[in-house]
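Predicted model, so just to flag it, every value in this text is computed and none were measured. Values below: all heavy atoms of this structure, side chains included; hydrogens, waters and symmetry mates excluded. Chain naming here is simple, since letters A, B, ... match the order of the sequence lines and numbering starts at 1 in each.
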Amino acid sequence: MPQRPEPVLLANVGKPDSWTLRVYEQTGGYQALRKAVKEMTPVQVIDVVKASGLRGRGGAGFPTGLKWTFLPKDHPGPIYMCINADESEPGTFNNRILMEDDPHQVIEGIILSCYATRATTAYLYLRYEYPLCWDRLQAAIDECYAKNYLGKNILGSDFSLDIFLHRGAAAYICGEETGLIESLEGKRAWPRIKPPFPAVEGAFRKPTVVNNIETVACVKHIVGRGADWFKSMGVPPDPTNPRDAGSYGPKLYCLSGHVNRPGCYEAPLGITCRELIDEFGGGVWKGRKGKAAIPGGISMGLLAEQEFDTPLDFNALGKVGCMGLGTAAVVVMDESTSMVDFLYNSCRFFQHESCGQCTPCREGTAWSLRMLERIRHGNGRLRDLDLLLEIGDTIGIIPGTTICGLADGAAWPIKNAIRKFREEFENYIKNTNPTGYMVTEPVPALVQLAAH
Amino acid sequence: MAVVIVDGQEIELGDHERLNGIQAARRIGVEIPFYCWHPGLTVVASCRMCLVETGTKHPETGAITMLPKLVPACQTPAKDGTVFVTNSDKVKQARAMVEEDLLLRHPVDCPICDKAGECSLQDYHFEHGQAERRADVRPFTSRRRDMGDTVTLFVDRCIMCTRCVRFCREITGSSELMVINRGSHEEIDVFPGYPLVNKMSGNVVDLCPVGALCDKDFLYQQRVWYMKQHQGVCTGCSTGCSIYINENQDAVYRLKPRENPAVNKWWMCDEGRYSYRHLHSPVRQIQPRRIAEIGNPGGNGHAGERRPHDITVKHFRPMENVEWSQLPRDLSAQLEQVCRDGGRLAAVVSPHLTVEEAYLLCKLARQFDSNAVLALGPVPIEGHDESFPGGFTIHAEKCPNRKGAEAVIAHFCNGKIKTFNELLEDLAAGQIRAAWISGGYSCAWNGDAIAQRFAALELIVVQDMFESPVWHVATYQLPGAGFAERSGSYVNFNHRLQSFTWAIRPPAGVWVEGQLYWNMLNLRGLYNPRTVLREIAATIAAFSAAAGEIPAVGIDMRMNQLATAASNEH
């Protein structure tokens, strides 16, 4: 077993009162902020973050420093920072750990990010289901105001910042950056068409940066420890993929499902799925074999057991047919799991969470759920698998048929599950519908649907 | 000059044109299907029907680089070098997919749907859809939901284009409509207790590309393919919205706005939209009559002496029917007789008459009495002008042609326009002995006091659609035409002259005002407003802009004057 570096993001987690300013300052808290405000210009902070190769931890993996440079130069302001804490990808809970157990680390990262981007107002969009995060973040923010880490002229500089907590109303789509902005503005969280991108016209029609909680936590450590430290971990760019910017730095992996020790673990990017399961998770539970795993949140697709040696970084997962790393939330399924059930659950989730704006997503997710409902009801046909694949291949931003990526997230589990486990699906249909599985004509719909 | 390439054809766009892919493709007759896009509303690009392939042509090398994915044409600006491909297999597949998706939960109740025949979902399905239904989804039945006084929603027919929602937010600013629920459970709804009540609510029905929002006034009245569509102008107020009149066999079933960027854009108000009902009113006058004694060969002396001046006994006056063919000669004889005796003739030019009719009436009056008094009919004013955030204005002046009638009167009276009240004062002074009163108002426009003034005259000719106190003191009661029955031109509040032809025939052989004037002026054949307008343009400077063909959007009457003024300055 290779020696893993000491956790950095999770360093304070588990300590008594780790969420208080006292404990945070004892472990060197707000030194990075002092250093930046006294010694660095905003441009220098951006340069450090750029040099570190930090990519957004929210799911898309867009280089953070590059995103910041998209802000218009010499804009009269205000520039807004939106912190995406609407962590609703199934299987994901790393932001929650950070906010509950180390909120000051997050806040320091936010202040540094705002300093770099010249944002004077930050909105922290918190998902509804995190009441403890709310309490601890608010307490931490209050502590910061008292110590002048927030407010006017922070630490005697001419930099001022206010952070507002905004509690969402529990919708997956609010995690999409423009959906988040719309929701923040008090509207229905329908993702906006791009361009204009938020960096040009975002919240309240002003330039806006949307960053994930874990991303800003990384910013704190990059400023404090330097870009070289960050780059010492992870995977360099794939020379065969010109669009890969490399996967550097530590990452919080959320391990759940059929493992012995589920939890949030910190490891350098590039750890393989099998290493994660065996080293951190203590192996698949009950002595069973693994069958499949979700590599990074349900929307990223599915890894079959023989693909468990794939590194969990931004580039490698694409090679095995997954969409990407996503939120690095690994959900392990043992050999007793039915892939039909998995796909049904996945489709039910996306059907429920589709915002309903774009036709292909709204109707495609609902149709796929109804087909799976019928398959599970014993009325499946082999043809349904082709229809499901057709839906999976034709919805999403990749073919260009939707505004946001939710449909891609709905499509990838369908594509992966049926392509990687087609035999299981076919057997299921043949066994449950021995007389009708060859029918190709439309079949009657189920009158009653269990799913909503 | 920007050059855009659509399906291999180059289109040149003007320097200041900001078009999207749909509009650019239209220039060469390529139709890109769409649901959610509307030129008057913000772009949401959510229906995904207008997906096309796009790319850019390098200005120097001419090499074309295409984007790997599809983009919505509604959201893609047509810039110099933009390339659109609208007929590739990829595009066709995407359209077929969207069409199939939209029909998944659509009830397909076209046989009982009002929109059938003019439904985008139907049309696009035939053009871009798949022949076979592959879905196993059980469509819902036609759940119906009340939206307000004018509009009803068939919930399951909705395809969630949200045009109606955007209209209420952006054009009327009243925001009654909203989307409730999420994903495939989405529905259009209003907040409980706040129904769709605004003065432009009917437009959401026109905006609806499918049969979800239906007009209660039109619901189940007529299949659209039975109706014929005519271009017209709304007479509800001085805005003069361009409209379509939908009729079947001389019955108007609905009015719809006709796109006119210079007047109403794509909208019209509810007041105008439902202002056609009086055309088919059972109490509308359709029989020309005159007082029985007049023109009786047995009588002697002039008629005025034996006319009952007390209008309370009006109903006891014996009236007799007249043939329309007799009228021109009959009336001419009467008018000549009064004027020969030195009697002054007054003509009331209604702001509901067309420019041509107003001109003919003035000309006619001056033919009998070269000093005839020409007065503008009453101009109904209701409340104040009402403007909406979308730029639409409902005017308080509830007649279509005050500007036009005034310009005509001004020509005949050397710029002096006599108002109706001034005419009433003249009547009291006793100079006037005969009057020709044109009406055409859809609501009551005079009272007993006014009728009393006229009652003293020797000869009163009233042309109107409905009974009124003035009608009852008339010597001649001549039924008039309604707006959908007229041909001619109106000039709106903003000096815009719009021409139109009749959509329906008047009931029971009624002669349109213009036809009677035409015949009395001894012009030959059928009344031809085009000839009259050409004559007006040639004789009245204010109308000089109307000399040529009048485009469907009308012309600005100040156009030539402005041009002249500008050229004089240089």
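Within the 4.5 Å cutoff, the side chain of B/His128 has heavy atoms near those of the B/Met49 side chain. When side chains are defined from C-beta on, B/Leu177 does not count as touching B/Thr162, because their heavy atoms never get closer than 4.5 Å. Under the 4.5 Å side-chain criterion, counting only non-hydrogen atoms from C-beta, A/Leu406 is not in contact with A/Glu176.
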**Request:** Begin from the C-alpha positions of B/Arg145 and B/Asp189 and carry the test salt bridge (Lys or Arg N to Asp or Glu O under 4.0 Å) through to its verdict.
**Result:** CA-CA 8 Å; B/Arg145 179 180 291 161; B/Asp189 204 347; 3.6 Å; yes
**Message:** For a side-chain contact (heavy atoms from CB on, under 4.5 Å) check, start with the C-alpha distance between B/Met66 and B/Val83, then their side-chain angles and the critical distance, and finish with the verdict.
**Reply:** CA-CA 8 Å; B/Met66 299 299 289; B/Val83 179; 4.2 Å; yes
**Request:** Evaluate the side-chain contact (heavy atoms from CB on, under 4.5 Å) criterion for residues B/Arg133 and B/Glu100: first the C-alpha distance (whole Å), next the side-chain angles of each, then the deciding distance (0.1 Å), finally the verdict.
**Result:** CA-CA 8 Å; B/Arg133 182 178 174 91; B/Glu100 182 177 28; over 6 Å; no
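Taking the six-membered ring where tryptophan is involved, the planes of B/Trp37 and B/Phe34 are perpendicular, since the angle between them exceeds 60° and thus also 30°. The aromatic rings of A/Phe70 and A/Phe62 lie tilted to each other, with the angle between the two planes from 30° to 60°.
For the set B/Asp101, B/Leu67, B/Asn181, B/Leu51, the entry with the most heavy-atom pairs within less than 4.5 Å of chain A is B/Asp101. For chain A, the option among B/Met160, B/Gln75, B/Gln93 with the highest count of heavy-atom pairs below 4.5 Å is B/Gln75. The residue among A/Pro360, A/Gly364, A/Ala171, A/Ala366 with the most heavy atom pairs within less than 4.5 Å of chain B is A/Pro360. The residue among A/Thr365, A/Asn379, A/Ile391, A/Thr394 with the most heavy atom pairs within less than 4.5 Å of chain B is A/Thr394.
For a residue to count as touching a neighbouring chain, one of its non-hydrogen atoms must lie under 4.5 Å from one of that chain's; by this rule A/Thr402 touches chain B with the backbone only. A/Glu441 does not touch chain B: none of its heavy atoms, backbone or side chain, sits under 4.5 Å away. Contact of A/Arg192 with chain B is not made at all, since no heavy-atom distance falls under 4.5 Å. Only the side chain of A/Arg188 comes within contact range of chain B, with at least one heavy atom under 4.5 Å from a heavy atom of that chain. Using a 4.5 Å cut-off between heavy atoms, A/Ile403 contacts chain B through both its backbone and its side chain. Neither the backbone nor the side chain of A/Ile173 comes within contact range of chain B, judged by heavy atoms closer than 4.5 Å. Residue contact with chain B, scored on non-hydrogen atoms closer than 4.5 Å, involves the backbone of A/Pro399 exclusively.
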